[in-house]
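Only one structure is covered here, and it is reproduced in the block below.
By convention in this document, chain letters (A, B, ...) are assigned in the order of the sequence lines, proteins followed by strands, and residues within each chain are numbered from 1.
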Amino acid sequence: MNSGVKFVFILIVSIELTFILNACINFIVAIVAAIYLMLSRLTWQRYLLLVLMPILPVLGAWTSFSTYGTHNMAIVMATRIVAYIYLGAAFSFTTNMVDLLNTLEQKWHLPTTFVYGLRGALTFVPRVKQEIKTIHIAALMRGEHLSFYSPQLFFKAILVSLQWSTRLSTAMVSHGFTENAPRTHFQSIIIQKRDWLIAISLLVILQLMIAYL
Amino acid sequence: MIVTLEHINLSYGKTKIFNDLTLSIPENSFNLLIGPSGIGKSTLLKIIAGLFPQLKGTVLVDNTAISQLPANQRAQHVGFLFQDPDTQFAMPTPFEELTFTLENLQIPADEIAKRATAALEFVGIKQLADQQIDTLSGGEKQKVALAIIVAMKSKLLLLDEPFANVDIIARQEILKKIKTLQADGVTILVADHDFSGYQDIVNNVWEIQHQTISALDHDQFMQRISKPQHHIFKTTNEGIFELTHFKLSAEKRTLINVPQLLIGAPGITLLTGANGSGKSTLFNALTKLKSFDGQITYQSKNIQKLKVAQYVQKVALLFQSPERQFLRMTVDEELALSYQHSQHQSFWSSEVIDHYLTRLNLNHLRQHIVYQLSGGQKKKLQLLLMLIVGTPVLLLDEPIAGLDVASVRVVAEILQEISDQGKQRFIIISHQLDALLPVINYHLHLDHQTLCYQEQL
């Protein structure tokens with residue numbers, strides 16, 4: 001499914017869930033999301049994470065709502081948490097960010113500055129951890145120990161990120177990027193009618209369930 | 001004329017950089033721009049590229065007031081290759097960067113792949129198209145940057161010390177490609193400290209001095225070029241580090257594989273090897289910044305078992321980018337911090353520090369903010385700071401990259417003095433060798449994943 005359509009679809013379902021106090025619907029949403037995740041062929045680490053991750057929040061919600069609220073409420077909250085986690089995963093574990101940003105740019109006309117700023121920032125993510133380690137050891141070499149709450153560490157980290165952002169904007173401008181000017185697209189995003197059809201049908205089914213369950 | 005500058009005036013604060021500078025560069029020529037570090041070479045290139053829109057004076061490229069154009073039109077007139085290879089990419093892979101650029105220039109989709117492939121083929125890096133740019137070496141990154149400019153079809157090519165982190169072979173390859181571009185009608189302006197390889201290919205040499213620019217004729221330029229040297233080194237079976245079954249990899253690619261080797265003999269060791277062969281990565285392993293297989297010992301102690309905080313009091317690294325090493329705001333504060341943690345406080349009296357500052361031509365900058373110094377000034381200050389700290393072993397990663405000839409000579413002298421006093425052992429990675437060679441004791445060469453001492457260069 002096109003990542004933009006998936007994004008909108010999951011967003012609508014999530015918003016609806018916040019207003020519904022029905023464990024049954026939460027349960028069905030979680031099951032549907034889980035089936036989708038199983039069909040998506042993720043790594044076993046991710047499946048393990050999906051099994052383990054809900055345990056603590058579910059237990060927490062369950063005990064506090066059954067102690068201070070009603071038993072019914074506890075079931076609704078516990079299932080809602082599982083539904084949210086699986087819905088979130090169904091989006092974030094299966095979506096290519098570049099694909100989503102391309103859709104946002106080409107189909108829904110999000111400003112290109114925003115789209116390419118984000119894409120550039122995404123390329124920095126893997127470097128952050130090593131950078132912090134380097135800052136730390138570089139300071140030790142000068143005889144200074146920077147603890148994780150040290151203002152110096154933050155100052156250096158901010159400095160590095162400022163450098164990265166200046167670098168990024170220089171790189172973009174020197175390669176002809178102009179804010180919000182028209183661009184051509186090497187890979188045009190096409191949203192299949194089928195994608196909309198699936199999303200809308202699933203939404204209709206959800207409304208029917210809300211009405212009758 | 002492809003470039004016309006008239007009556008350019010520019011100051012940083014109270015310091016005048018250019019005073020009534022006038023320059024015209026003929027179309028389809030190969031130009032070299034020289035001058036000591038901090039004199040304004042980069043600034044001049046940026047002016048020509050139209051990156052100083054508020055400047056007083058006339059800047060015309062291709063008879064167009066370039067600074068008034070939006071970036072996507074400017075790129076078709078001027079292509080810029082930066083000194084720091086990391087400054088030039090916004091996308092994760094070369095191919096994506098190429099398509100990003102061509103989309104910006106509004107090239108139709110069906111032509112993008114054609115142009116991108118042609119550019120990659122021209123530079124000879126088709127095999128790198130889908131690799132992560134982060135994993136490429138300095139020389140490979142500069143080739144990618146060049147491919148992008150080729151794809152943009154800019155008429156004027158500005159190169160700001162593009163070879164500072166590039167080995168000799170890659171440097172020659174890139175220069176040859178650029179020369180081919182000239183034959184296709186492109187005008188080239190390169191700022192460089194290292195003049196080797198230019199004598200047969202340049203049409204004009206420009207020198208910045210006294211806040212203005214003048215042309216050097218062929219004879220004057222030939223006098224500036226240093227003669228190739230031949231050097232003999234000692235070999236050694238001594239060393240403070242011992243590598244055993246040592247294996248270093250990057251992204252599944254084996255860089256170094258050594259059964260047993262001693263490195264870090266007293267004196268100065270030069271470490272050479274092609275771009276991307278793993279020299280800097282070896283330094284990162286020696287300072288515990290990067291993990292490795294096998295064992296490294298320092299004075300017979302396994303470095304994996306030593307605490308980082310204590311270990312880096314013995315073995316420190318002079319990072320390739322000097323800002324990494326800075327922790328305070330002004331030059332004076334930095335010096336005070338280094339002195340506070342110095343392992344030879346009795347030697348580094350304020351007179352001695354003054355003396356070294358003067359020799360490095362930094363003494364007038366003591367109140368300056370370190371981050372606002374020029375590239376060369378930052379490197380010289382960084383070196384002095386680490387010499388004051390005075391760890392028994394100092395690993396220097398490209399300590400003279402981007403320094404002018406005079407500064408390189410001073411740095412070499414200083415390294416030799418400190419080494420002769422027996423305070424520190426140095427291992428140096430450098431691509432610019434001319435002025436360094438006389439002070440080198442040992443030469444360690446990295447080739448085909450092995451390290452061995454060589455007697456000649």
Practice task
Identify which part of A/E179 has an atom lying under 4.5 Å from any heavy atom of chain B, answering side chain, backbone, both or neither.
Solution key: neither

Completion exercise
Interatomic distance, CD@A/Q152 vs OG@A/S147, rounded to 0.5 Å, equals 10.0 Å

Exercise for the section: For each of A/R167, A/R142, A/H145, tally heavy-atom pairs with chain B at distances under 4.5 Å, and name the one with the top tally. Expected result: A/R142

Practice task
Quick one: which of B/L51, B/L337, B/N284, B/I133 has the most heavy-atom pairs under 4.5 Å with chain A, could you say?
Solution key: B/L337

Fill in the blank from the handout: Under 4.5 Å to a heavy atom of chain A? For B/R324 that would be both

Exercise for the section: Output the option from B/M91, B/Q313, B/M152 having the highest count of non-hydrogen pairs under 4.5 Å with chain A. Expected result: B/M91

Practice task
Please flag which part of B/D134 lies under 4.5 Å from any non-hydrogen atom of chain A: side chain, backbone, both or neither.
Solution key: side chain

Exercise for the section: Spell out, as yes or no, whether a donor-acceptor pair under 3.5 Å connects the side chain of B/T391 to the backbone of B/V315. Expected result: no

Handout entry: Under 4.5 Å from any heavy atom of chain A - which part of B/L317
Key = both

Handout entry: Largest heavy-atom contact set with chain A, pairs under 4.5 Å, which of B/A109, B/S342, B/A116
Key = B/A109

Handout entry: B/E103/A/R183 ion pair, N-O < 4.0 Å
Key = yes

Exercise for the section: Take A/K156 and A/E131, measure what salt bridge (Lys or Arg N to Asp or Glu O under 4.0 Å) needs, and give me the verdict at the end. Expected result: CA-CA 10 Å; A/K156 296 294 287 188; A/E131 195 58 43; over 6 Å; no

Handout entry: Check: B/E334/B/Q382 side-chain N/O donor and acceptor closer than 3.5 Å
Key = no

Practice task
Examine whether an atom of B/L327 lies under 4.5 Å from a heavy atom of chain A, and if so say whether it belongs to the side chain, the backbone or both; otherwise answer neither.
Solution key: both

Problem - Winner by heavy-atom pair count (cut-off under 4.5 Å) against chain A, out of B/A75, B/A151, B/S338 - result: B/S338

Problem - Minimum-distance pair of heavy atoms, taken over all atoms of A/A30 and A/Y86 - result: O-CD2, 3.7 Å

Problem - NZ/NE/NH1/NH2 to OD/OE distance under 4.0 Å, B/K141 and B/E97 - result: no

Problem - Selection from A/G176, A/P182, A/A121 maximising heavy-atom pairs under 4.5 Å formed with chain B - result: A/G176

Completion exercise
Comparing A/L122, A/L159, A/I135 against chain B, the one with the most heavy-atom pairs below 4.5 Å turns out to be A/L159

Handout entry: Heavy-atom pair count under 4.5 Å with chain A, highest-scoring of B/S154, B/P108, B/A113
Key = B/A113

Problem - Leading residue by heavy atom contact count with chain A [cutoff under 4.5 Å; candidates B/I149, B/V389, B/L385] - result: B/L385

Fill in the blank from the handout: Cut-off 4.5 Å, heavy atoms of chain B, and the answer for A/F155 is side chain

Handout entry: Flag for B/T93-B/E96: side-chain donor and acceptor within less than 3.5 Å
Key = yes

Exercise for the section: Classify the angle between the aromatic ring planes of B/F326 and B/Y371 as parallel (below 30°), tilted (30 to 60°) or perpendicular (above 60°). Expected result: perpendicular

Completion exercise
In terms of heavy-atom pairs under 4.5 Å with chain B, the winner among A/S169, A/A139, A/A171 is A/A171

Exercise for the section: Can you label the angle between the B/F100 ring and the A/Y116 ring as parallel, tilted or perpendicular, going by 30° and 60°? Expected result: tilted

